[in-house]
2 protein chains.
Amino acid sequence: MATTSAVSAQDQILDAAEALFARQGLSRTTIKEIGAAAGQNPALLYYYFGNKEALYRAVLERTVAPLIERGADILAHVASPADAIRALIGAQIEFFLAHPNAPKLFIREMIDHDARRAEAVILTVAAELFTRLRNVIEHGQREGIFRRDVESRFAAVSTISQAIYFAIARPAVGIFFGLGTAGVTDQTAREFARHAGEFAVRALSPLETAA
Amino acid sequence: MATTSAVSAQDQILDAAEALFARQGLSRTTIKEIGAAAGQNPALLYYYFGNKEALYRAVLERTVAPLIERGADILAHVASPADAIRALIGAQIEFFLAHPNAPKLFIREMIDHDARRAEAVILTVAAELFTRLRNVIEHGQREGIFRRDVESRFAAVSTISQAIYFAIARPAVGIFFGLGTAGVTDQTAREFARHAGEFAVRALSPLETAA
DNA sequence: GTCTATACGGGGATAGAC
DNA sequence: GTCTATCCCCGTATAGAC
């Protein structure tokens with residue numbers, strides 16, 4: 001697809017912009033900064049993307065949309081409700097490890113949603129993931145493997161919250177774990193994913209049934 | 001304390017700044033905007049606070065520090081570990097209802113931590129709350145009312161994550177709940193708090209013991 | 001303590017050469 | 001497609017009158 005170099009100028013700009021937007025947000029990040037980080041002329045940015053806002057949306061589309069789509073995919077393809085929950089959380093953590101900028105971009109978009117003219121596409125996609133998870137939980141409730149006295153909508157929120165918060169709160173969690181602000185290792189993140197899956201499944205399980 | 005008006009100019013500036021910083025973040029919010037929202041001359045801001053960054057820190061100190069201190073307080077004063085967890089989550093939600101700007105300010109500070117020169121005071125206080133919660137959980141494990149095959153640090157993260165994420169994700173959660181982007185009612189938030197407390201306690205409880 | 005006027009820098013964006 | 005030069009606006013911050 002690329003006409004000239006192995007990594008096109010567009011992609012270099014997108015990569016640099018993604019990192020800076022995640023780290024600093026949209027308004028703190030300047031066009032010139034992105035150009036410097038990308039090793040490209042800042043004016044190129046306008047040639048390819050039109051303006052800063054459009055570049056931001058391109059970054060969002062490339063990075064955070066797949067996160068949510070991946071989750072919805074898993075829920076649709078895993079048979080057991082309990083395993084679907086475990087797999088969903090595992091996939092979230094793996095996604096964050098592979099795309100470290102994604103969680104911050106996602107949360108920034110949530111938080112900024114009512115302060116920007118941004119189309120709420122991210123929100124509706126996120127809401128759809130919620131709905132699918134809810135359906136999985138209700139499926140488990142009908143089958144009797146999840147307790148019925150739990151509001152499925154609330155349980156979906158509780159389930160989703162763990163991995164995202166873990167990723168976002170990494171600085172504080174790092175201090176908490178006694179690692180300074182450096183953050184947590186990938187291995188610890190994976191251990192947390194296992195924990196979080198069990199945590200949610202246990203919270204949903206009736207007292208009599210073992211996991 | 002106030003020398004002239006019922007609400008001092010400082011407080012009006014702090015109130016306006018708090019709302020704008022929560023909604024837009026530090027960099028997107030301008031001095032003139034704050035002045036207009038506060039009904040005060042923008043230059044006054046420099047007289048009272050020195051500069052924008054210092055005003056931001058004053059807002060943070062006033063709004064988000066109490067959130068964490070309140071939580072630590074509860075953990076220190078509630079007897080049963082299970083009730084302490086329920087009370088902590090309940091207090092978080094109540095705090096967010098009383099101070100709607102707090103969760104966004106808190107999360108912004110977390111996310112921006114490595115992009116700003118900000119002292120990490122918020123992070124260390126948050127980490128201390130984690131530690132106290134962990135101690136409560138381990139206390140419950142020693143007493144046999146919580147299962148011992150759970151990493152207490154991970155469980156603390158899972159427990160804390162629910163209320164904060166619920167507050168932050170309100171737009172998406174509102175869509176998910178079928179309420180448009182308007183957001184969730186206070187009553188729904190309180191119901192979620194009850195749910196989240198039970199969710200965490202159940203996840204920690206051995207299979208044999210009823211809640 | 002409060003207001004007006006303004007200096008100063010930096011950011012987004014465009015024109016136009018190559 | 002890429003680069004240079006530059007315009008214009010607007011944001012922070014200060015000086016100084018009242």
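So that the names make sense, note that chain A is the first sequence line, chain B the second, and so on, each numbered from 1. Note that these values count all heavy atoms, side chains included, but never hydrogens, waters or copies made by symmetry.
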| field | Lys/Arg N to Asp/Glu carboxylate O, A:Asp112 vs B:Arg108, below 4.0 Å | value | yes
| field | Interatomic distance, A:Leu44 CG vs D:dT4 P [rounded to whole Å] | value | 11 Å
| Is there a donor-acceptor contact under 3.5 Å linking the side chains of B:Ser158 and A:Gln162? | yes
| Do the rings of B:Phe177 and B:Phe166 sit parallel, tilted or perpendicular, given the 30° and 60° boundaries? | tilted
| field | Value in whole Å for how far the C1' atom of D:dT12 lies from OH of B:Tyr56 | value | 18 Å
| Under a 4.0 Å N-O cut-off, is there an ion pair linking B:Glu198 with B:Arg194? | no
| request: Could you tell me whether the phosphate oxygens of D:dC3, OP1 or OP2, come under 4.0 Å of any side-chain nitrogen or oxygen in A:Tyr47? | output: no
| message | Whether A:Asp15 and A:Arg62 form a salt bridge (side-chain N of Lys/Arg under 4.0 Å from carboxylate O of Asp/Glu) is what I want to check. | response | yes
| query | Which residues satisfy the salt bridge (charged side-chain N to carboxylate O under 4.0 Å, His left out) test with B:Arg70, sequence neighbours excluded? | reply | none
| message | How many whole angstroms separate atom CG of B:Leu55 from atom C1' of D:dG11? | response | 15 Å
| remark: B:Leu45 CG to D:dA13 P, in whole Å, measures 9 Å
| query | Rounded to the nearest Å, what distance is computed from the CZ atom of residue A:Phe49 to the P atom of nucleotide D:dG1? | reply | 12 Å
| field | Interatomic distance, A:Glu33 CD vs C:dG10 C1' [rounded to whole Å] | value | 12 Å
| remark: Reading nucleotides 11-18 of chain C from 5' to 3' and marking B where a protein heavy atom lies under 4.0 Å of the base, S where only the sugar-phosphate is that close, and - otherwise, the string is BBBB----
| said: Between C1' on C:dT2 and CD on B:Gln12, what's the gap in Å once rounded to a whole number? | reply: 14 Å
| If you check the B:Tyr48 side chain, which of D:dC3, C:dT2, C:dC3 turns out closest? | C:dT2
